[in-house]
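Keep in mind that this is a model prediction, so the values were computed, not measured. FYI, side chains are in, hydrogens and waters are out, and symmetry mates aren't considered; it's all heavy atoms of this structure.
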Amino acid sequence: MSAVIAIIVGLVGLLVGAGVGFTVRRRADGTSLQQAEEQASRILAEAESRQKELLLEVKEETLKLRNEVEAEIRDRRTETARIEQRLAQKEENLDRKVEALDRRDQQVRDRETQVDRLRAEAEEMRQRQAGELERLATLTRDEAREQLMAAVEVEIRDEASRKVRVIEKEVEATAGIRARKILATAIQRYTSEVTAESTVSVVQIPSDDMKGRIIGREGRNIRAIEAATGVDLIIDDTPDAVTVSAFDPVRREIARQALSMLVQDGRIHPTRIEEAVTKAKRDVEATMQEAAEAAAIEAGVLNLHPEVLKVFGRLRYRTSYGQNVMRHSVETGHIAAMIAAEIGADVGIARAGGFLHDLGKAVDHEVEGTHAIIGADIARRFKVREAVAHCIEAHHEEVEPRTVEAVVVMMADAISGGRPGARRESLEAYIRRLETLENIARSFKGVESAFAIQAGREVRIIVKPEQVDDLTAMRIARDVSQQIEETMEYPGQIKVTVIRETRATEIAR
C-alpha cells in the first residue's frame, strides 16, 4: 500500500516540476508573466485533480484487497471450524470404542471366572460320582474303566464288522458290474498267443560221436565253451542232444547258437570256440535290439532311450512261469491302454507303464533288489517320465500306487498273467504253492480244515462253528487274503471262501 502512494506522490512531483520548468522557459522566451501564472495555475489544478483521482483509485484498490483478505480469512476460519468438529467427533468415537472394549474385557473376565467355577464344580461332581460308583459296584476306577472299555470295544468291533459287510455288498453290487464290463471289453479287444514257452535249451547233434568232439581231449573243449559262455553243458545218455543249462537266458541263447555253429562246422577247438561265441554274441545282441524295437512299435510306445531298448531286448529270452516276458510286456501295454481309455485315465502313461513294467527282470539276477524297483531305477536313469517310472515300481505294490495309471498297470499285469494257458509252473512249485496256501489258512484260530482248489486259485476254509461266529468268519477271510498277498507270489488272483456250518440233530421216537 505505501509503495503505491509513494509512486503516486513521485508522479505528482514530476508533473509539478514539469510545470515550473515550462513556466521558466516561457519567461526566458519573453512570454508574459500572467500567461505563465495562468498556465502554472492550470497545471497545478490538473495535477491536483489527477492526484485526487489517483488517491481515489488507490483507496478503491486498497478496499478491494482488504475485502479479499477478509473473505479468505472467513473461509479459513470456516474450514478450521469444520476440521475441529471432525476431530471432536473422532475423539468422541474413540472414547466410545475404548469404553466398549473395556466392557468386553470385563465380560470376558467374568466369563472366565464363571467357566473356572463351573469346571471346578463339574470336577467335584465327577469325583463324587466316581466315588459313589466305586462304592456301589465295589470296583476301583481302573477296574471299572477296563470293563467299560472292553464292552465298548466289543460293541464297536461288531458294529464295524456289520458296516463292513453292508459296504462290501453295496460295492460289489455297483462296482462289480462296471469292473467286469471294463475288463471284459479290454480282454475281448486284444487277442494274442498264450502258448507258454519252454525254458530248456537243447542242441541237436548228428551223432553220438559229436559228443566226444564237443568234450575234447581231456575235456578241454567243453571247458572252453563253458568258460566263454558262462553256462553248463549237460552231456548225458540222451541220444543226439546236448542240454545247455544257465540261469541267465541270454547266456544260454549265446551258448546254444555258438554250439549249433560249432556242430554244423565240425571244427571244434578252443580258438574256433572263441570265434563262434563272439559271433553268437553279436547275433544275439542284434536279435535283441531288433526284437525290442519291433515290440515297442507293436505296443505303440515310441521315443524310448536306446539304452532302455537295449535292456528291454534281453526280455526276448526271459520267461516267467513259462510265459515269454517280452510278449507279456507288449500284451500288458495294450490291455492297460484299453482299460485307461475306458475309465478316462492317461492312455499314454498306462501304455508305457504296462510295456515297461517288467523291465527290471532283464537284470534282476545281476542287480540286487526286486525287479519292480530295479526297473523303475533304470527308467529314471534314462529320463523316462516319472509317472511311467511310478507305474513300474508300484505294479507289485512294493510302493503304494499313487495314480490311477499305476493301478491300471497292476490290473493289466494280472490279466495278462492270469489268462488261461498264459503261464505254467513246475509240479514241485505247484504243489509247494498249494501247501503254502493251506498252511496259511490253517494258522488262524478256529479253523478246522482248509483246501486249495481250482489249481490254487481258490482256498476253501471250514471253521468250527462253536468258536467262530459269522462276523469273525468275515474277518478270517479278509485276514487270510491279506497274508496271502503279503507272503506269496502267484499269477492272477486267489479267492478265499470261509464256510461256517451249524447242524442241529434230534431223534424222533
Taking only Lys NZ, Arg NE, NH1 and NH2, and the carboxylate oxygens of Asp or Glu, determine whether [X] and [Y] approach each other closer than 4.0 Å.
X	Y	result
Glu123	Arg119	no
Arg223	Glu226	no
Arg460	Glu458	yes
Asp479	Arg475	no
Glu466	Arg500	no

Just wondering, do [Y] and [X] contact through their side chains at under 4.5 Å, heavy atoms?
X	Y	value
His396	Thr370	no
His269	Ile273	no
Glu448	Val463	no
Glu298	Arg327	yes
Val277	Lys281	yes
Thr497	Lys495	yes

Any idea which heavy atoms bring [X] and [Y] closest together, and the distance?
X	Y	value
Ala350	Val409	O-CG2, 3.8 Å
Ala452	Glu438	N-OE2, 3.2 Å
Gly300	Arg351	O-CD, 3.6 Å

Item checked: Arg272 and Glu275: CA distance, side-chain angles, deciding distance, salt bridge (Lys or Arg N to Asp or Glu O under 4.0 Å) verdict -> CA-CA 5 Å; Arg272 178 57 181 161; Glu275 295 175 356; 3.4 Å; yes

Checklist line | Point-to-point distance, once rounded to the nearest 0.5 Å, from CD1 of Ile235 to CD1 of Ile222 | finding: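 Here the interatomic distance stands at 4.0 Å.
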
Check: How long is the gap from OG1 on Thr472 to CG on Asp469, to the nearest 0.5 Å?
Finding: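 So the OG1 of Thr472 and the CG of Asp469 are separated by 3.5 Å.
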
Check: Near Glu400 CD, under 6.0 Å, is it more than 12 heavy atoms from other residues, nucleotides or ligands?
Finding: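 Incorrect, the count does not exceed 12.
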
Margin query: Quick check on Gln264: does its CD atom have over 12 non-hydrogen neighbours (other residues, nucleotides or ligands) under 6.0 Å away?
Written below: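 Result for CD/Gln264: open.
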
Please check if the side chain of [X] supplies one atom and the backbone of [Y] the other of a donor-acceptor pair under 3.5 Å.
X	Y	answer
Glu393	Ala372	no
His305	Glu307	yes
Arg314	Val250	no
His357	His395	no
Asp265	Met261	no

Note to self: Between Glu253 and Val284, is the side chain to side chain contact (heavy atoms under 4.5 Å, CB included) condition met? List the steps.
What the structure shows: CA-CA 7 Å; Glu253 178 62 18; Val284 170; 3.9 Å; yes

